[in-house]
Amino acid sequence: MAKSATLQAERREEARRKLVCYRAKCCILDKMLTIIENAESRLVSITAQYEETTSSGTARDTMGDQIIMLNDEVGRMSGICADLGAALDEVLDLINGLLPDHPNAALVLSKRYLEPNFEPTFAEIAVETGYSEDRVRHLHLEGLDLIAEKIFAE
């Protein structure tokens, strides 16, 4: 029994870590998207300036090389954002997969982990949902067990 309870606790913790990472990845994705947006804006401006200087014959090849390198960096950052987006989608799919059969557990998990800048307490979730704090804790553990089943089934 103890081994089973220990294994269950370890799996719950793995599921919890995966869900907690969602919030951190959201923050990283937001920052990356802002950086990309700024870089793309600067790239457009630099490209326009470069085209003006090439028409007058005073452009240097190094500026063209810098534009190419900047464009490559924006492409790499976009790839990282796509990977982060896929990781975020995986967490959403895990929680949304609970909805048909376990909507209350999915609700508690989404309130606890899917808020990008805030992790509410069980008491706050209880007030918001109308459940008792003990019921929210139970649904949280049930949800973690269900997520762990999916993670370890893969």
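One-based numbering along the sequence shown.
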Original post:
Can L98 and K150 be said to form a side chain to side chain contact (heavy atoms under 4.5 Å, CB included), step by step?
Top reply: CA-CA 10 Å; L98 301 179; K150 290 182 177 195; 4.2 Å; yes
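- A distance of 6.0 Å separates CG of L7 from CD of E10, quoted to the nearest 0.5 Å.
- By the salt bridge (charged side-chain N to carboxylate O under 4.0 Å, His left out) test, D145 pairs with R12, sequence neighbours left out.
- Among residues two or more places apart in sequence or in another chain, the salt bridge (charged side-chain N to carboxylate O under 4.0 Å, His left out) test is passed with K25 by none.
- Partners of E37 under the side chain to side chain contact (heavy atoms under 4.5 Å, CB included) rule, at least two apart in sequence or in another chain, do not exist in this structure.
- Checking side-chain atoms of T34 against main-chain N and O of D30 turns up a donor-acceptor pair under 3.5 Å.
- Listed by chain and residue number, Y22, L88, P116 satisfy the side chain to side chain contact (heavy atoms under 4.5 Å, CB included) test with C26 (two or more places apart in sequence, or in another chain).
- With sequence neighbours excluded, no residue forms a side-chain hydrogen bond (donor to acceptor under 3.5 Å, both in side chains) with R11.
- Both L84 and I35 are part of a single hydrophobic cluster, where members link through side-chain heavy atoms under 4.5 Å apart.
- Counting only residues at least two apart or in different chains, side-chain hydrogen bond (donor to acceptor under 3.5 Å, both in side chains) contacts with residues 78-89 are absent.
- Legend: residues meeting salt bridge (charged side-chain N to carboxylate O under 4.0 Å, His left out) with E73, ordered by chain and number and at least two apart, are R76.
- With a 4.5 Å cut-off on side-chain heavy atoms, R16 and E13 count as touching.
- Every side chain to side chain contact (heavy atoms under 4.5 Å, CB included) that L70 has, sequence neighbours left out, goes to L43, I46.
- The cluster map of Ile, Leu, Val, Met, Phe, Trp and Tyr, joined by side-chain heavy atoms under 4.5 Å apart, puts I125 and L99 in different clusters.
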Scan the side chains in residues 106-114 for donor-acceptor partners under 3.5 Å anywhere in the protein, sequence neighbours excluded, and list what turns up.
from : atom 1 : to   : atom 2 : distance (Å)
S110 : OG     : A106 : O      : 3.1
S110 : OG     : L107 : O      : 2.9
K111 : NZ     : E128 : OE2    : 2.6
R112 : NE     : E119 : OE2    : 3.3
R112 : NH1    : P120 : O      : 2.8
R112 : NH2    : E119 : OE2    : 3.1
Y113 : OH     : H140 : NE2    : 2.6

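- Rounding to the nearest 0.5 Å gives a distance of 11.5 Å between OG1 of T129 and CZ of F122.
- Considering all non-hydrogen atoms of both residues, A148 and A15 come closest at N-CB, 3.9 Å.
- Atom CG of L92 is separated from atom CD of E90 by 10.0 Å, given to the nearest 0.5 angstrom.
- Hydrophobic clustering (ILVMFWY, side-chain heavy atoms < 4.5 Å, transitive): Y131 and L146 are in distinct clusters.
- Pairing each heavy atom of A39 with each of M77, the nearest pair is CB-CE, 4.4 Å.
- Taking each heavy atom of S132 and A126 in turn, the nearest pair found is C-CB, 3.9 Å.
- Rounding to the nearest 0.5 Å gives a distance of 4.5 Å between CD1 of I80 and CE of M32.
- For R135, there are no side-chain hydrogen bond (donor to acceptor under 3.5 Å, both in side chains) partners, not counting sequence neighbours.
- Annotation: salt bridge (charged side-chain N to carboxylate O under 4.0 Å, His left out) contacts of E14 (sequence neighbours excluded): R17.
- Looking at residues two or more places apart in sequence or on another chain, you find no side chain to side chain contact (heavy atoms under 4.5 Å, CB included) involving A9.
- Atom CD of E142 is separated from atom CG of N104 by 8.0 Å, given to the nearest 0.5 angstrom.
- Between L19 and L144, the closest side-chain pair of non-hydrogen atoms falls below 4.5 Å.
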